[in-house]
Engineer: 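The structure follows.
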Amino acid sequence: MHTDNNNSIDNILEENRVFPPSNEFSSKSRLNKVDQLIALKNQAKNDPITFWKTFANSEIDWIEPFQTVLDSKNAPFYEWFKEGKLNITYNCLDRHIKNGRGDKIALIWEGEPGDSRSFTYKELLIEVCKASNALKSLGVEKGDLVCIYMPMIPEAMIAMLACARIGAPHSVVFGGFSSESLKDRLVDGKAKFVITADGGFRKDKIIDLKNAVDSALDSGANEIVEKVLVVQRTRKEISMKNGRDFWWHEILKKQDHTCDPEVMKSEDRLFILYTSGSTGKPKGVVHTTGGYNLWAHLTFKWIFDIKEDDVYWCTADVGWITGHSYIVYGPLSNGSTTLMYEGVPRPSNLGAFWEVIQKYKVSIFYTAPTAIRAFMKSGREIPDLYDLTSLRLLGTVGEPINPEAWIWYKDVIGQGKCPIVDTWWQTETGGVMISPLPGVVSTKPGSATFPLPGIEIDIVNKKGYSVNSNEGGYLIVKNPWPGMMRTIHGNPDRYLKSYWNYIPCEDQNYVYFSGDGARIDDDGYVWIMGRVDDVINVSGHRLGTMEIESALVSHKSVAEAAVVGKKDNLKGESIVAFVSLEKTYNSSSELIEALKQHVIDEIGIIAKPEKIIISEALPKTRSGKIMRRILRSLASGEEISGDISTLEDSSVLEKLRKEA
Ligand code: PRX
């Protein structure tokens, strides 16, 4: 690629502190020499096929070996380890039992009201087999899509693994999404089965998951969904429809304790996971078996420098990709002990996380910057009350971390001794792409450092030319990798357009566009600058502005809506909506509250606008396009800069300034 200076994003490098890994940490790491890392990167660059082949053979057990490492004939619909056959649950469970880890704890679970459970590898396999047989007894067949809409309880993980064991792809829907969002995902994926719970505990409240499933089915998904399996969690009374709804515990108790893993082709679907884009409804990102297994396994092993006696805890929800790759598949494929926590810290228990770390002697802790900023705000007195000496490595994911929070995390939670891995990746990438390897890479607060071995990235401008160091541009990946998404469910065109045809490229056929802006400093460190499309990131949750706008305009009072992200010191970004009303409606605080509630009902609590500004009109170009740039400035209280000559009616600006 060539370079020119025509980049659209500029940023100035401010953070210069460098933290090399301590000798104490490095000396015990699997990968601890710069030469070793460079050799690995060079090997991947010079001969990617041998590189991936070697790891696929050494890390993954195959029922039948693959012949072709990478098939690019139909690029960018790449195929990995094509002829290979495997079952990911064999790699996550059975093989560890065969290798003498049967009595090792696979899963520790800490419940929100203080209950807890744990499962050895042997016990987890039995539960997964029982659940697999239960699904079969309900009629689930290989290839059927099963939706999982669950709280953070062991059965969520067991359900995912049971689906994978019998070759039924899962589609996990985050339990915080509304019934309307659930319905959209059920309909788009044509899920014949739903696994849910009578409810879940969240922040001193009960979330009515089964009721939400009932509403989703009543409002259009009933023609698709045949059966619903319900886990008992809250024991709150729910309605069960005869012949359609079944209790998990009743069906499971009748099942055999063994179930042979289904023989899956490497490219058979493992799961669909919906995520937001800049246009349309959320898209079903498709991941397949062999490549995803390898990437989740390898990245987990590299980044967390995993050891046999580690107790690893990722605080994400299994409803997100982080939960899929780094609560379930990555840790289990490596035979590690993974901790799952049902709760979230809340004002009545700000020390909840630290209590869990102390109780289980957690050694690796992986969380989101938003959580760290919230802890920082409530003061170090709270974590200081707990024994955190078991920690040896800390990670962050989901959004950029500001240097101040990074340093606090290192000093207060990591007691100055734990390296921090800031991991950049996406639902689409399946696993981490950019991250320090903690035993070898010196870190800079706020930088995800370097791409992992096998991953070639660049920062380019709109025309596809590399930008200079320290200049902002679009973050692209130049080569395929095993964990990459394979397509968008039911919409291969959108897969092509959103990711592969967006950035033109002269010397290669396809480059993957991430949707993120970034820059690379003089030392080669990558600094992620956030989304460059109409996607906003609230507390590490990804939301499309268009989804929220569609939710708003579906309210009878709304004529038009435009949604923008506003910088937020705690959440990264917050949602601000500009709304114009139908003629018969007047603005009032009740209406604003009703609109906020409407968005919650349509999407879920995570999409609730922080602020709704009612305005007579929205600023538009003469061709009728809403000028979001202006709205972003207004939302943040900044001066409106840049060209406003294309504005159709400049008096709108004055009115908006008063209302914002
Ligand atoms: O903008 C980037 C941000 O999260 C987006 C991906 O969101 P999602 O698919 O929901 O996956 C989140 C968990 C992997 C990215 O496009 N993001 C993720 N990790 C980081 C990040 N931004 C900055 N630094 C990170 N470490």
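One is the number of the first residue; the rest follow in order along the sequence. Ligands are counted one by one from 1 in listed order, and the atoms in each one are counted from 1 as well.
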Engineer: Does I195 form a side chain to side chain contact (heavy atoms under 4.5 Å, CB included) with H170? I'd like the steps, not just the answer.
Structural biologist: CA-CA 10 Å; I195 307 176; H170 52 71; over 6 Å; no

Engineer: Quick one: list whatever passes salt bridge (Lys or Arg N to Asp or Glu O under 4.0 Å) with R202, sequence neighbours left out.
Structural biologist: none

Engineer: Would I327 and M157 satisfy side chain to side chain contact (heavy atoms under 4.5 Å, CB included), going step by step from the backbone distance to the final call?
Structural biologist: CA-CA 9 Å; I327 294 178; M157 177 186 277; 4.0 Å; yes

Engineer: Keeping to residues at least two apart or across chains, list the side chain to side chain donor-acceptor pair (under 3.5 Å) pairs with something in residues 563-577.
Structural biologist: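 Applying side chain to side chain donor-acceptor pair (under 3.5 Å) to every pair that reaches into residues 563-577, excluding sequence neighbours, yields K571-E610.
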
Engineer: In plain terms, say whether R346 and E112 are close enough for a salt bridge, that is, a side-chain N and a carboxylate O under 4.0 Å apart.
Structural biologist: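 So R346 pairs with E112 through a salt bridge.
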
Engineer: Could you work out, with ring pair (Phe, Tyr, Trp, His ring centres under 6.0 Å) as the rule, every residue matching Y525, not counting sequence neighbours?
Structural biologist: F450

Engineer: Compile the protein residues with any heavy atom at a distance under 4.0 Å from an atom of ligand 1; present them by chain, then by number.
Structural biologist: I321, T322, V397, G398, E399, P400, D422, T423, W424, W425, Q426, T427, D516, I528, R531, N537, R542

